[in-house]
Amino acid sequence: MNTLTDEHWDEALEVNLLAAVRLDSALLPIMLHQKSGVIIHISTTSSQFPIWESTMAYSTAKAALNTYSKALAIEVALPK
């Protein structure tokens with residue numbers, strides 16, 4: 001049974017997904033203008049294989065970060 005509260009979920013998503021989204025949104029216009037730069041997101045293998053109930057929110061947020069990272073790479077790499 002999942003004992004994680006809404007606060008657990010909110011914190012995991014804020015720290016492990018939305019912080020990266022916000023930072024990228026701030027930096028991408030500069031990087032695109034300069035036509036250079038690198039973004040590295042740090043994730044974990046538990047994003048694919050969550051082990052404990054207590055890490056469910058963290059693992060889910062990191063899995064979302066992985067998907068976001070792939071989508072962002074495709075979006076930015078496409079010729080405009």
Side-chain angles (χ1 to χ4, degrees):
M1 173 178 224
N2 186 357
T3 58
L4 296 176
T5 65
D6 285 352
E7 289 78 23
H8 287 113
W9 286 97
D10 290 343
E11 181 180 4
L13 290 169
E14 280 290 333
V15 171
N16 297 293
L17 173 63
L18 296 177
V21 171
R22 292 179 183 122
L23 186 58
D24 294 350
S25 293
L27 296 178
L28 266 174
I30 297 164
M31 291 171 60
L32 293 172
H33 178 75
Q34 295 176 158
K35 297 185 179 180
S36 80
V38 176
I39 294 174
I40 298 173
H41 295 139
I42 306 298
S43 190
T44 176
T45 57
S46 70
S47 66
Q48 297 175 337
F49 305 104
I51 300 170
W52 301 287
E53 178 183 342
S54 63
T55 64
M56 187 184 308
Y58 171 77
S59 299
T60 301
K62 288 298 191 173
L65 178 64
N66 294 346
T67 300
Y68 163 77
S69 298
K70 290 175 189 174
L72 180 64
I74 292 167
E75 175 70 24
V76 173
L78 291 176
K80 304 285 181 211

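Being a predicted model, the structure only gives us computed values, none of them experimental.
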Trainee: Within this structure, what is the NZ-CG distance for the pair K62 and L13, rounded to the nearest 0.5 Å?
Mentor: 11.5 Å
Trainee: Using every non-hydrogen atom in the two residues, find where H8 and A57 come nearest and quote the distance to one decimal.
Mentor: O-CB, 4.1 Å
Trainee: Applying side-chain contact (heavy atoms from CB on, under 4.5 Å) to S47 and S59, what does each step give before you reach the verdict?
Mentor: CA-CA 4 Å; S47 66; S59 299; 5.6 Å; no
Trainee: Could you tell me the separation between the CG atom of L72 and the CG atom of L65, rounded to the nearest 0.5 Å?
Mentor: 10.0 Å
Trainee: Inspect the contact between R22 and E14 and indicate whether a charged nitrogen and a carboxylate oxygen are less than 4.0 angstrom apart.
Mentor: yes
Trainee: Of all the heavy-atom pairs spanning A20 and Y68, show the shortest one and how long it is.
Mentor: O-OH, 4.2 Å
Trainee: Mind checking the OG-CD spacing from S43 to Q48? Nearest 0.5 Å is all I need.
Mentor: 8.0 Å
Trainee: Walk me through whether Y58 and V15 qualify under side-chain contact (heavy atoms from CB on, under 4.5 Å).
Mentor: CA-CA 9 Å; Y58 171 77; V15 171; over 6 Å; no
Trainee: Out of curiosity, L28 CG to I39 CD1, how far, rounded to the nearest 0.5 Å?
Mentor: 4.0 Å
Trainee: Taking atom NE2 of H41 and atom CG of N16, what is their separation to the nearest 0.5 Å?
Mentor: 12.0 Å
Trainee: Supply the atom-to-atom distance T55 OG1 to L4 CG, rounded to the nearest 0.5 angstrom.
Mentor: 8.5 Å
